[in-house]
Structure formats: structure tokens, C-alpha cells
Amino acid sequence: MKYVISLLFLIGSMLAAISIGSVSVPVLDILKVIGSEVFGLPVAHDVDPMYSSIVYDIRLPRVILAGLVGASLAIAGAAFQGLLRNPLADPYILGVSSGASVGAVSTLFFGISIPFLGIFTLPVISISTALLTILVVLYFAKKIDRTMRVETIILAGIIFSAFLGSVISLIIALTGDELQQIIGWLLGSVSMRGWSYVGIILPFLVIGSLLLLMNTKELNAMSLGEERAQHLGVDVGKRKMMILIAGSILTGAAVAVSGTIGFVGLVIPHLTRKLWGPDHIHLLPLSMMIGAGFLILTDLFSRSIISPQVLPVGVVTALIGAPVFGLILIKQRKKN
Amino acid sequence: MKKFLQVVVLILLLGFLIACSNGEGTEEPVTENETETEGNTAGEEEGEDTYPVTYTDAAGNDLTLEEEPERIVSLIPSNTEIIFALEQGEKIVGVTDNDTYPEEVTDLESVGSMEFNVELILSLDPDVVLGHETGVNFAQEAFEQLESADVNVFIVKDTTTVEGTYETIETIGEIIGATEESEQLVADMQAEFEEIEEMTATVPEEDRKSVFYEIAPAPDIFTAGNNTLLDELLQFVHADNAAGDQEGWPGIDPEAIIELNPDVIITTYGDYVDKAKEQVLERDGFAEVEAVRNERVYDVDADTTTRPGPRLVEGAWEIAESVYPELFDEE
């Protein structure tokens with residue numbers, strides 16, 4: 001049942017987001033365009049070419065990208081919160097997003113463009129710096145504390161976040177012309193990324209979420225405490241590493257394609273847990289669907305509320321998300 | 001850290017974005033109080049420079065100059081350009097990092113950018129500091145410090161019109177003792193703008209073009225709406241601003257651009273983005289847009305088209321030639 005609700009929520013938000021925009025496109029036309037462009041069906045194409053390029057080239061990739069980013073952040077957040085047994089943990093806690101941001105911001109600042117990569121220079125560099133950051137953070141944590149206790153990992157993450165954060169501030173302080181691009185990127189957006197960005201994040205999402213979904217039972221055990229998990233026969237060290245890396249890959253890829261979109265990774269897992277319980281076997285996939293639907297809807301909101309102007313989706317997520325989450329908390333309290 | 005950064009970034013966005021969105025030029029409107037009182041309150045003869053004079057600036061402060069200023073600090077590129085155009089460039093002792101024109105400015109001492117170093121300005125011992133209304137929002141305290149150090153500060157009123165630019169030129173001319181030169185400069189500009197208007201007026205109504213400005217590249221496209229110099233220049237060249245129903249400098253949904261379907265797209269970020277024209281032409285989903293289908297995408301200089309100064313004429317010519325190249329072929 002909970003899966004049906006989540007799936008309906010996801011599909012509903014996708015259809016709404018594809019149909020609504022500066023130009024409203026009827027659902028039937030959307031299906032025609034998707035049918036002919038995506039699946040190559042011989043659908044009678046009487047749809048205005050302007051509509052079909054809006055739907056296929058702009059809106060569809062945007063909606064799908066928002067969904068993938070939302071799913072990545074939500075599942076990574078759910079896994080980190082379980083693993084670190086910390087309700088304040090979010091996908092950015094290990095400094096991965098700061099790492100990815102430094103990569104992206106430097107790319108914009110120095111106007112780096114690697115031959116053959118072209119416009120993909122930014123996401124590629126950003127993912128690389130994100131991965132590098134995880135490795136350094138984990139290495140650093142291990143240096144301090146061989147058993148890598150949860151507190152140590154969080155502390156290492158905070159140190160690196162703070163350091164990389166100030167590197168970003170430094171670049172912002174020094175920047176001139178590129179300021180707006182940098183700020184636009186940092187605020188987070190899924191606008192005008194096109195299909196290629198969908199292709200960039202998809203493999204990371206598949207690998208990362210499969211790794212996490214393979215570890216749901218272990219996450220359940222570890223949320224009871226690492227010692228208990230060890231007694232239950234979980235190879236804590238190995239599993240922990242696996243979850244940390246998988247979550248970081250997801251986060252790094254999400255930040256690389258869309259910038260730092262806050263709130264989704266922190267609150268969607270909480271919300272899902274409040275609605276359907278803390279069992280990671282269900283929590284992780286449900287968080288993915290809810291996260292995807294949520295980001296699709298907030299992106300829709302961000303581009304339609306003052307259309308044709310757009311708001312940065314990273315601003316809107318918390319703007320809508322926080323009150324919604326607050327309401328759910330209060331409702332839950334009343335029920336109990 | 002992240003939260004903090006986002007807040008900082010948001011504040012920066014709301015402020016700087018608007019002012020800095022045109023590359024080096026930072027003289028664009030933040031406030032729109034068009035009717036702000038400004039101008040001289042001292043009676044003086046036309047075309048004559050008499051001192052002492054008292055002026056009220058855009059911030060409402062009175063400035064009294066006992067004699068013609070010999071040492072000027074200019075805090076915004078448009079002021080600098082005006083002073084040089086009035087052939088008083090040698091009086092400038094300090095500029096900002098944003099100054100790029102004329103070439104000589106790069107040899108001058110820089111006192112900062114939108115935020116400036118008050119101590120450095122004091123050390124230059126200026127007779128007058130020419131600030132700008134848009135800059136006041138970013139450096140309120142610094143301006144107060146200058147005032148309290150008894151430095152003569154004059155805040156030039158912000159403008160989004162050609163007419164306002166004339167007024168600015170005349171005001172600055174009077175302050176720095178170049179009234180005659182400023183009147184001449186304005187007359188020259190007026191003549192050229194008239195020429196542009198007359199020339200583009202010959203375009204038949206059915207050939208009138210709609211133009212979309214891109215002042216920041218994809219993915220986050222920003223445009224110039226109503227109440228901007230860029231918009232005003234389009235009126236002079238008898239073209240329509242596709243985003244003319246928007247106010248100021250809005251970020252715009254790419255879908256909306258496709259729907260607006262402009263005849264011409266003009267970018268202003270070619271100086272810091274590689275292949276500005278190509279990235280518009282190759283943009284996903286834009287193939288059906290008139291401007292892209294007919295390869296009517298141009299990049300113009302951001303400084304000449306957005307700085308309210310003497311080179312606005314050059315900017316207007318550049319835009320006219322981009323929108324109606326056929327008028328220029330015949331010559």
C-alpha cells in the first residue's frame with residue numbers, strides 16, 4: 001500500500017510537472033510526443049513542433065533530472081541517518097557536497113573547459129572532486145581513529161566541510177563576471193541541463209542505490225548500535241565503508257549535476273520514517289520515490305509561481321518543505 | 001557552514017546579481033526612484049563654471065565645492081568614462097577594479113570594486129569622490145566614513161534612460177568644471193541617437209523585430225526587461241523587447257523564451273563565456289525559435305550597452321546593426 005501511494009505520488013507529480021509550465025501542454029499531447037520521440041512509435045504527430053521541443057528537449061529532461069537528484073539525495077540521507085544514528089545527518093554531512101561545489105565553482109571561476117568534454121567539464125570535475133573528498137575524509141577519519149566510530153566520521157566531515165566551504169567563500173569574494181553563474185549554481189537548479197545530464201547522474205544513481213539497497217538489513221542492525229550489529233553477525237567495518245561510499249557517490253553525482261539543493265536529503269527520510277516507520281528495507285526505496293516526487297514538484301513550483309521568471313529550486317525546497325514537514329510532525333504528535 | 005553559505009549566497013544573489021549581471025558594468029538599477037531630487041541648487045550661468053557651488057546628490061546630501069576639483073576619485077566605470085569623455089581624465093586619481101575604459105584607467109590606482117577601501121581613498125586626498133546610487137546599497141558604511149572624514153562625496157543618481165544619462169553627464173560636467181564640454185558631449189550624443197532613430201524608422205512595420213536579451217548564459221538565463229538601458233536602446237532602434245513585460249533583470253524560464261519566439265537573440269556575456277553565439281544556436285529545444293532557425297544570434301559589448309555613459313551611442317549602433325543588418329549593408 002505504501003508503495004502504491006508513493007508510486008502514485010511520483011507519477012502524479014511527473015505528469016503535472018511535464019504538463020504545467022510557461023506553456024501548458026495537454027496530457028494527451030505529452031503522451032504523443034513521448035511516444036514518438038522516446039519510443040519511436042509511429043504516432044500521428046500533429047503536435048506543434050514548438051510544443052514537442054518544449055516537452056521533449058526542455059521539460060522532460062528537467063523533470064527526470066529533478067526526480068533522479070531528489071531520489072539520490074533522499075536515499076543517501078536515509079542511509080546516513082541510519083548509519084550515523086544521527087537525525088541531523090544529511091547527505092552533505094561528510095563534506096561531499098562542499099567537495100563537489102569546490103570543483104564546480106573553480107571550473108566556473110577559472111573558466112576551465114577540458115577539450116572533448118566541453119559543457120560536461122563542470123559535472124565531470126565536480127564528481128571527481130566529490131569522490132576525492134570522500135576518500136580524503138575517510139582516510140583522515142581512519143588516521144584519527146582506526147575503528148572509525150560514528151563521532152569521528154561526523155567530526156572529519158565537519159572539518160572538511162568547513163575548510164572547503166571557506167574555499168568556496170574565498171572564490172566568491174574574488175570573483176567578478178562569473179559571480180552570477182557561481183551563485184546560480186550554488187543555489188541549485190535543474191534548469192536547462194538537457195538529456196546529457198540525465199545520462200551523467202543515472203549510472204551513479206543505479207550503482208549507489210543498489211549498494212545501499214543491498215545493505216538495508218545491515219542498516220537496521222547498525223541503527224541499534226554498532227556493537228549490537230557486530231553481535232548480530234554484521235561485518236560492521238566493511239558495511240559501514242560500503243554505505244558511506246555509496247551515499248557519497250549519490251550525493252556527489254547529484255550535486256555535480258544540479259548544485260547544492262538542500263532540505264531533500266535531510267527531511268524526506270524523516271518524513272518517510274514518520275509516515276511508514278523506520279525499517280530500512282522499506283525506508284530506503286520509499287524515500288527515493290518520495291524524494292523524487294518532492295523535488296519534481298518543488299521544481300515545478302519554482303518555475304511556475306512567478307512564471308516566466310524562475311526561482312532557484314534550492315531555495316524553494318526548504319521554503320515549501322519546512323512548513324509541510326512541520327505540519328506532519330504536529331499531526332503525528334496529535335495521533336499519539 | 002552550508003546553511004550559512006546558502007544565506008550569504010542568497011543575500012548576494014538578491015543584491016549583487018542585479019547590479020553585476022552585466023559583466024564589468026555595475027551601474028544598473030537597484031532602486032527605481034526615478035523622481036529622486038537631484039541636481040544643482042546653486043544658480044550659475046549656462047556654460048560657465050563658477051565656484052563655490054552647492055549640489056544635492058541622489059542620497060539627499062549637500063555637496064559644496066569651494067573651487068574646481070583637481071583630484072577626483074570615481075567609484076563606478078560610467079562616471080570614469082564620462083570624466084574621460086569630458087577630457088578631464090587626468091584629474092582622476094582613483095578608480096575601481098571594474099573600470100576597463102579607456103585604456104589609461106588600468107594605470108590608475110584602484111580603490112576596490114563595489115566595496116572600496118576607505119583608507120586608500122583618504123590617502124589619495126581627493127577633492128571629490130563621485131559615487132553612484134547603486135553602489136550606496138553595497139557600501140553604506142563606507143560612504144558614511146568618507147563623509148565623516150570630511151571628504152566631498154557626490155552620489156550620482158541612477159538612471160535607466162538615455163535622457164537620464166544626459167543629465168548625469170551634465171551634472172558631472174558641472175561638478176568637475178567642464179560644463180561646456182558636457183553640453184557639447186550631450187549634443188553630440190543626441191545627434192547620433194537621432195541619426196539611429198531616423199535610420200531605423202525606415203524599417204517597415206512588418207519587418208519590425210522582437211529581440212530577446214540574454215545577460216547571463218544557460219542554465220540560469222537572465223534577461224533585461226522594462227526599466228533598463230538595454231530596453232531603452234531597443235526603443236531607439238525601433239525594435240521590441242520580447243521580455244518587455246518583465247521588470248528589471250529577471251531570471252527567465254527557458255520554455256518562456258521558446259514561447260516568446262524572438263526574431264533576434266542578443267547576448268551580452270561574450271567577453272567571459274566561450275562561443276556565446278554557438279551555445280545559443282545549439283541549445284536543446286531552441287531549434288524552433290525564429291532567432292535560432294535564422295541564425296540571428298549576436299553578442300554585443302556589455303559595457304557600451306549597459307553603462308550610462310558616453311559610449312551608449314556605440315552600444316546603440318551595435319544593437320541597431322545586430323537587429324537590422326540590412327540597413328547597414330546598403331551603405
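Every chain is numbered from 1 and lettered A, B, ... according to where its sequence line falls, protein lines coming before strand lines. Below, each value reflects all heavy atoms present in this structure, side chains not excepted, and no hydrogens, waters or symmetry copies.
Within the 4.5 Å cutoff, side-chain heavy atoms of B:F286 are placed close to those of A:I58.
Using a 4.5 Å cut-off between heavy atoms, A:Q309 touches chain B through backbone and side chain atoms alike. For A:S191, the parts lying under 4.5 angstrom from a heavy atom of chain B are both the backbone and the side chain. At a 4.5 Å heavy-atom cutoff, the contact between A:R62 and chain B is made by side-chain atoms alone.
Residues of residues 250-260 of chain B lying within less than 4.5 angstrom of chain A, judged on heavy atoms, are B:P250, B:G251, B:I252, B:D253, B:P254, B:E255, B:A256, B:I258, B:E259 in numerical order.
Within a 6.0 Å sphere centred on CD of B:E103, other residues, nucleotides and ligands contribute 12 heavy atoms or fewer. At most 12 heavy atoms of other shown residues, nucleotides or ligands fall within 6.0 angstrom of atom CD in B:E119.
The distance from the CH2 atom of A:W185 to the CG atom of B:D220 is 11.5 Å, given to the nearest 0.5 Å.
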